[in-house]
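Accompanying notes for the structure given below.
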Amino acid sequence: MKHARWLVIAPYFLLTILPLAWIFLTSIKVQEDTNSRTVKFIPSLAKEIPDDSRRFTVSPDAYTRLEEKHTGVEYGFYRYLANSVIIGFISTLASVTLGTCCAYGFSRFKIPGARDWLFFILSTRFLPPLAVVMPILLMYRQFDLQNTHLGLIILYTSFNLSLSIWLMKGFIDEIPRAYEEAALVDGYSRWHAFVRIILPHARTGIAVTAVFCLISAWNEYGFAMTLNQQQAVTVPVYFAGLQGNISGIPWPQVAAGIIVFVAPVMVFTVLVRKHLLRGVTFGTVKQ
Amino acid sequence: MTSQPFLEICNLCKTFGGIKALDDVSFSVAEDELLVVLGPTGAGKTTLLRALVGLEQPDSGSITRRGEDLARMSPAERDMSLVFQNFSLYPDWSVRKNLEFPLRAPGRRESSADIRERVSTVCGMLKITHLLERKANRLSGGEMQRVTIGRAIVRRPQLFLMDEPLTNLDAKLREELRVELAVLRRQLKTPMIYVTHDQAEALSMADRILVLAEGRILQTGSPREIYEQPISPVVARQLGQPAINIFQAHHDHRSLLTADGTVIATGLSKGAAPTCVVGIRPENIAIRGGATPATVEVVEDMGASKIILARWGDQHLHAIVGKDCTVRSGDQIFPIADSTRIVIWEEGALARASRP
């Protein structure tokens with residue numbers, strides 16, 4: 001049995017790592033090696049390599065030239081990365097904050113029609129988001145939210161809020177009421193009990209929710225493309241735009257950009273993996 | 001007794017979905033009194049404490065402390081400490097952090113030095129100084145309960161509320177801690193309401209016992225009063241181990257007999273109703289000198305005494321005898337109750353007691 005699990009893990013690992021590995025290899029090539037006649041995938045430090053070899057010369061070019069402005073695009077890569085960072089992190093912060101507060105309310109107080117509210121909140125996920133792209137486009141035009149960071153932040157926050165509320169409600173339900181009741185009796189206000197007791201005990205849930213919200217905002221493409229010309233374009237839209245580039249697709253730079261783009265999410269996930277893995281069982285509640 | 005009581009509870013009612021958790025509960029607590037609330041599971045004991053501390057809003061009734069109405073006060077303002085039945089400490093915090101937590105509440109402005117001082121005083125009282133830096137989930141059950149009690153007393157509240165604090169401990173620890181707790185409370189001179197379903201705790205700790213069942217107060221009084229003069233079979237069964245013997249009986253010439261003719265006691269001084277329900281504590285039964293024989297079924301040797309379970313006519317009988325008694329199972333005995341110590345209730349008492 002112990003070895004059998006590798007039958008599942010190994011193919012899955014290959015499946016997920018291969019595209020990433022290929023992108024990484026591409027990012028250290030020069031343009032000519034990306035569309036050469038022979039497929040080149042063995043990195044080498046040698047300067048002169050024959051055309052029909054599987055080897056290619058490693059070059060940091062793509063990374064150093066990320067800022068280069070391509071034909072028909074207004075800014076370099078880092079400007080778009082900054083857009084992604086601003087929009088991704090602020091919308092994540094907003095959906096987790098609002099979601100946690102809402103979830104706490106649903107979890108701890110008697111709210112008239114709580115079940116219906118929760119179902120309504122969940123039902124906002126039933127629709128594929130892009131189905132409402134037209135009305136949203138019209139609304140955004142009305143309110144001058146097109147081409148703004150704020151527009152996408154509001155949009156991603158509201159789309160992630162339902163996920164955030166439902167996830168956080170699950171986690172907060174797991175925290176015994178006695179935890180905060182003890183704090184209330186000990187002289188704490190409801191707000192202080194929430195900050196001092198509930199938030200620290202819900203940090204696993206907060207981390208998990210934040211990962212999901214960030215990934216979904218970070219990778220979103222449809223709305224980011226529809227609601228933007230230049231100002232708030234995020235990295236996915238920028239790369240997609242490069243595909244029709246008149247002067248050819250700059251594959252090494254696209255690949256290098258992807259590596260840089262994926263890195264923050266990977267780092268973030270690795271940072272909170274302890275919380276992702278840590279259960280939500282809280283040890284010594286007397287049963 | 002003319003002085004104002006410390007705490008006065010009047011006509012407290014609380015309903016949960018049609019079930020009366022508290023049904024017109026009124027009582028008072030004196031300064032420096034340990035009141036034990038005794039009752040079976042579901043009697044409303046926990047609801048009572050939660051209403052007192054402000055975690056539950058009563059439907060009606062009032063709670064006053066030294067004449068001051070507590071109804072609109074938040075739990076924090078009420079300045080009581082509550083030891084919960086199913087929660088003791090924040091498991092991922094150290095003992096020190098747990099003990100300091102009540103002292104670091106936003107309203108109190110205490111210097112770190114004061115906090116340290118108070119924590120170390122409490123640790124000294126409870127002998128937990130060596131545990132200070134340990135995480136709460138690394139404590140044994142007894143240690144944890146000591147720290148929990150420490151947490152309750154560290155901020156010197158005006159009233160202690162304890163919700164079965166020792167229930168989850170083993171018997172030996174429970175006895176040890178209940179004595180310590182009673183001594184500690186006397187030192188602190190703070191009134192305490194102690195909720196339990198354990199009759200031994202109630203008898204040994206209480207200044208006064210309040211018997212609660214189905215949300216109603218059945219009787220209040222000193223442990224002695226409740227033990228010796230319970231007002232109903234339900235109250236009588238709450239106290240005593242083994243449980244009190246309860247028989248349906250009738251009077252005949254100053255004797256008490258059951259329906260099958262078993263003679264329970266003779267020489268009663270006062271005449272009562274012709275038919276009645278009687279309660280006899282096991283220690284008030286002599287196994288010699290009676291008129292009706294009984295067959296011994298089991299003899300339990302408790303060390304200091306022995307408990308005899310016998311078949312007495314149509315009844316089962318528990319009796320406590322001295323450790324030197326040589327009666328064995330199968331033997332015949334002639335039990336007779338001490339007529340001065342029989343508790344007599346009116347006829348309907350048993351039927352009312354067994355209603356669902």
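The sequence lines fix the lettering, A, B, ..., with proteins before strands; numbering per chain opens at 1.
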Can you tell me which portion of A/Arg190 sits under 4.5 Å from chain B's heavy atoms? Options are side chain, backbone, both or neither.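 A/Arg190 has no heavy atom closer than 4.5 Å to chain B.
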
Which answer fits A/Ala183, side chain, backbone, both or neither, if we ask what part of it has an atom under 4.5 Å from a heavy atom of chain B?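 Contact with chain B involves both backbone and side-chain atoms of A/Ala183.
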
So do A/Tyr188 and B/Arg104 actually touch side chain to side chain, heavy atoms under 4.5 Å?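 Yes. Closest side-chain heavy atoms under 4.5 Å.
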
Matching residue for A/Glu181 among B/Leu82, B/Leu55, B/Val53 - test: side-chain contact (heavy atoms from CB on, under 4.5 Å):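 So the option named by the test is B/Leu55.
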
Is the [atom1] atom of [X] crowded by more than 12 outside heavy atoms at less than 6.0 Å?
X	atom1	value
B/Phe16	CZ	yes
B/Trp93	CH2	yes
A/Phe89	CZ	yes
A/Tyr12	OH	no
A/Met266	CE	no
B/Glu117	CD	no
A/Phe120	CZ	no

Atom OG of B/Ser74 and atom CG of A/Leu184: how far apart are they, to the nearest 0.5 Å?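 Those atoms lie 8.0 Å apart.
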
Can you tell which of B/Gly141, B/Pro75, B/Ser81 has the highest number of heavy-atom pairs within less than 4.5 Å of chain A?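 Top option by heavy-atom pairs under 4.5 Å: B/Pro75.
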
Go through the steps to decide whether A/Val185 and B/Arg78 satisfy the test side chain to side chain contact (heavy atoms under 4.5 Å, CB included), and finish with yes or no. CA-CA 8 Å; A/Val185 172; B/Arg78 296 191 188 196; over 6 Å; no

Please state whether the rings of A/Tyr179 and B/Tyr90 are parallel, tilted or perpendicular, taking 30° and 60° as the class boundaries.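 The rings of A/Tyr179 and B/Tyr90 stand perpendicular, inter-plane angle above 60°.
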
Indicate the atoms forming the closest heavy-atom contact of A/Gly187 with B/Ala105, along with that distance.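 Scanning both residues completely, I find the closest heavy atoms to be O-CB, 3.6 Å.
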
